[in-house]
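Read the structure below first, then the notes.
Keep in mind that this is a model prediction, so the values were computed, not measured. Below, chains carry the letters A, B, ... as their sequence lines are ordered, and counting in each starts from 1.
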Amino acid sequence: MAVLPILQFEDKIAETVAENPVVVIIGETGSGKSTQLSQILHRRGYTRSGAIAVTQPRRVAAVTVARRVAFELGSRLGEEVGYAIRFEDRTSDKTCIKYLTDGCLLRESLSNPELNQYSVIILDEAHERSLNTDILLGLMKRLINRRSSNLKVLITSATLDGVKVSKFFSGCPVLNIPGTLFPVEKLYSTERPTNYVECCMKTALDVHVHEPPGDVLIFMTGQDDIDKMVFKLEERIQNLEEGSCMDAVVFPLHGSLPPELQIRVFSPAPPNCRRFIVATNIAETSLTVDGVVYVIDSGFVKQRQYNPSTGMYSLDIVQISRVQADQRAGRAGRTRPGKCYRLYPRTVYDEEFLDATIPEIQRSSLAGSVLYLKSISLSDIDILKFDFLDPPSRESLEDALRQLYLIDAIDENGEITEIGKAMAELPLEPSLSRTLIEANELGCLSQALTVTSMLSAEVAIRPTHSKIKEKKRKQSFSKLPDGSGWGDHIQLLQVYESWDRADYDPNWCTDNDLQVRSMMFSKDVRKQLSQIVQKIGKGPLDVESAMRLKKSDKDYKKLRRALCRGYGNQLAERMLLHNGYHTLGYRSQLVQVHPSSVLEADEDGQLPDYVVYHELINTSRPFMRNLCAVEISWVQPILKKLEKMNIDKLSGGSGASENNETIENETISSPKQAVDASAKVMALCWETLKRSCLTRLCHGH
DNA sequence: GAGCACTGC
């Protein structure tokens, strides 16, 4: 086997690193950068003054690369070479090359902001621009100034982004390391198809009939399209004339597929048989399928985005970027020259696609990240001026500050509070960490740990419609609890407690249509949270007991009260006379209860007056997902706080945001969105809502 | 009366 390309550049790399605090490495696929950079610097003596940290955006990558490097150095994993990922730390005093997820390094900088144990920090796959990598990039820039004499930072990036990263680090050198990819011929469509599934299928059949052996990887946007495609493709292949071409098998590949079905794509095709793998962008970076020679690229991807002006998430189908398109094409050139069929014209690639995907930091709610930055004990961070490679909008940062203020993580001047510091220690969204802290005060910590773990693991409970229920009962399956009418958080608690009573049997999950993977994950999260809470808590904590329902709190009052405090930034009030809600915040939105909710109406058919929600999601309409009923007396203090809120003070007075007009216009969405109410009732609600919002918005009046 | 790309602490 040929020597890895990167080793021919060893002297050049060592020389450049010696002379510069920051170096950008553009390492193409197959260059060996992930395994070799650390070893090169190890050989050059950088591990004498500290360890080398290499971050990866994914857990599996951190583990497999660490294994490989340990093997190459002939040492046992966890000794000289180790890795750290959530729930698992395989390092020791001897470890001098440490692979870890970017999130883990970020956590480490919480207790040691200068990261003094490291002489070298390598941010690998930085071009993927994960939220954590972006924050690390900003922190590295600061750190370089403070530790210029004894820290080296290496950043690996994609071709299109190298110059930008270099500029960010005041023009640091950029080294290009060629890869070992085979050439991939790109074939463009003359126009964009109107029906993607159909067009993908035609192209796939074309390849099958006319092209020599080699597997086909098809990129689509989601499970629905994939399932359709798999079904149709199998049908069409069966109808092909016997003996006219080789055999074929078709596999779907996406994230919600159970692991045992995902693994199928790793076994090679039987002789004289072509494999078709119909995948989401999971096959772009996370999973590498061997044997692929042909790629069919739809040019689209499903992306979750957060809108800071409404506080809502949406899941949109958007065009991919050029970096993404090239990454997809590259999947065809791993074993020999390949072909990539792009179902869009060349001009679309050149003129419409963005250079790179919009970084996650510009598509997410930043409450957690802002809290994190505020909690790092380096005094000179002004969050609105923090130096990001691609800064998030001011609106997004202000949204984060408002949210943090409402849940007591920062005070009215934007300073982090004691509560905020404790919250930052917990690997949870701020609302959930606030809930835990309040639950500890109120004496329902154990229950809150369960709920937050279940939400954190995103456990999905499938609706048990009457038909399914009947069927299950006949099969003597247990029936899942329903939250006793209080809502989805309580249901999650009850489901976990049932699983606990079933001794955490995986079969119990399968029987109840729950994903084993996510239930196991929530158990891990719960254990980790318990440990952290015990470490940071003062006084005795009740984390293990009370798994079973306590008589004294059968309507979950304490827990719901803790949730109300934690979700102080996610409250909603029911509209008069019907079951629509408006959110109670600095921008009120008209929203509906998501139909999947188990929240119950009273005997008059009315839903609770006040609820807290876990998230707002805009699909066919704006919905609140995961709800819990709360009481008005718990809500009132939060509303008082809302009235006092002043964004200029929160953002440290750096710049005014006095655009009241904008706020007013954006605050209230169109009355059209309100449903099942007569025009009169609607108008009444509208006025009430508008008035109450305006009162709340005019601070000081 | 709806619908879930992908990661991760």
Side-chain angles (χ1 to χ4, degrees), chain A residues 55-62 84-89 100-111 125 128-136 219-227 253-257 262 279-287 298 300-305 313-318 320 324 327 357 359-361 363-364 368-369 371-372 375 423-430 432-433 452-453 456-463 465 515 518 521 524-525 528-529 531-532 579-580 592-599 615 617-626 675-676:
Chain A
T55 69
Q56 295 290 327
R58 279 171 294 281
R59 297 161 55 95
V60 256
I85 57 176
R86 188 179 189 180
F87 309 135
E88 204 182 345
D89 184 349
L100 70 178
T101 52
D102 46 17
C104 266
L105 187 64
L106 215 49
R107 281 279 143 199
E108 284 186 5
S109 73
L110 198 60
S111 51
E125 316 288 1
E128 288 188 25
R129 306 294 305 277
S130 73
L131 180 57
N132 288 335
T133 297
D134 267 20
I135 292 169
L136 283 172
F219 283 103
M220 307 202 66
T221 57
Q223 193 180 340
D224 269 7
D225 284 355
I226 289 173
D227 289 347
L253 181 62
H254 51 81
S256 41
L257 213 60
Q262 279 189 7
T280 58
N281 51 338
I282 194 172
E284 220 171 84
T285 49
S286 306
L287 298 179
S298 66
F300 287 100
V301 67
K302 232 180 238 184
Q303 228 171 45
R304 188 178 151 96
Q305 355 227 21
Y313 284 95
S314 59
L315 196 63
D316 307 318
I317 291 174
V318 298
I320 58 172
Q324 259 180 308
Q327 176 72 28
T357 311
E360 208 184 341
I361 201 165
R363 295 186 279 121
S364 322
S369 303
L371 177 62
Y372 179 80
S375 75
M423 284 167 62
E425 296 276 336
L426 294 157
L428 285 172
E429 298 156 52
L432 298 181
S433 44
T452 50
S453 309
S456 190
E458 294 179 81
V459 172
I461 298 168
R462 307 245 165 75
H465 275 306
Q515 280 205 358
S518 49
F521 186 78
D524 283 339
V525 175
Q528 187 193 25
L529 292 175
Q531 286 164 352
I532 299 173
N579 280 334
Q592 295 288 302
V593 173
H594 197 276
S596 66
S597 179
V598 294
L599 190 71
E615 74 174 356
I617 177 106
N618 198 352
T619 50
S620 56
R621 265 188 262 160
F623 288 113
M624 298 181 284
R625 207 150 60 180
N626 285 321
V675 287
D676 54 28

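Judged as a side-chain hydrogen bond (donor to acceptor under 3.5 Å, both in side chains), and not counting sequence neighbours, A:Arg59 has no contacts. Considering only residues two or more places apart in sequence or on other chains, A:Gln528 meets the side chain to side chain contact (heavy atoms under 4.5 Å, CB included) condition with A:Arg86, A:Phe87, A:Pro427, A:Ile532.
Here B:dG1 presents its P atom at 10 Å from CD of A:Gln592, a figure rounded to the nearest Å. The interatomic distance linking A:Leu315 (CG) with B:dA2 (C1') rounds to 13 Å, in whole Å. Whole-Å rounding puts the A:Glu615 CD to B:dC4 P distance at 10 Å. One can place CZ of A:Phe623 at 14 Å from C1' of B:dC4, the figure rounded to the nearest angstrom. Atom-to-atom, CD of A:Glu125 to P of B:dG8 comes out at 13 Å; the value is rounded to the nearest Å. If you measure from atom CG of A:Asn281 to atom C1' of B:dC4, you get 14 Å, rounded to the nearest angstrom. Rounding to whole angstrom units, CZ of residue A:Phe300 and C1' of B:dC6 are separated by 19 Å. In this entry the distance linking CD of A:Gln305 with P of B:dA5 reads 14 Å, nearest Å.
Between the side chain of A:Gln262 and the backbone N or O of A:His254 there is at least one donor-acceptor pair closer than 3.5 Å.
A:Thr101 comes within contact range of the sugar-phosphate backbone alone, with a heavy-atom separation under 4.0 Å but no base atom that close. Residue contacts shown for A:Ile282 are limited to sugar-phosphate atoms, with no base heavy atom under 4.0 Å away. Within 4.0 Å (heavy atoms only), A:Thr285 reaches no atom of the nucleic acid at all. As judged by a 4.0 angstrom heavy-atom cut-off over every strand, A:Ile85 is placed among residues touching the sugar-phosphate backbone only.
Judged by closest nucleotide on DNA chain B, A:Arg304 is the one of A:Gln528 and A:Arg304 placed further toward the 5' end. For the pair A:Pro595 and A:Gly255, nearest-nucleotide mapping onto DNA chain B gives the more 5' position to A:Pro595.
Side-chain atoms of A:Arg58 lie closest to B:dG8 of the nucleotides B:dG8, B:dG3, B:dA5. In this structure, of B:dA2, B:dC9, B:dC6, it is B:dC6 that holds the atom nearest to the side chain of A:Ser286. Checked against B:dA5, B:dG3, B:dC9, the side chain of A:Lys302 finds its nearest nucleotide in B:dA5.
A donor and an acceptor atom, one from each side chain of A:Ser256 and A:Gln223, are located under 3.5 Å apart. No donor-acceptor contact under 3.5 angstrom links the side chains of A:Ser130 and A:Asn132, judged on distance only.
At least one side-chain nitrogen or oxygen of A:Thr280 sits closer than 4.0 Å to the OP1 or OP2 atom of B:dC6. Side-chain nitrogen and oxygen atoms of A:Arg59 include none within less than 4.0 Å of the OP1 or OP2 phosphate oxygen of B:dT7.
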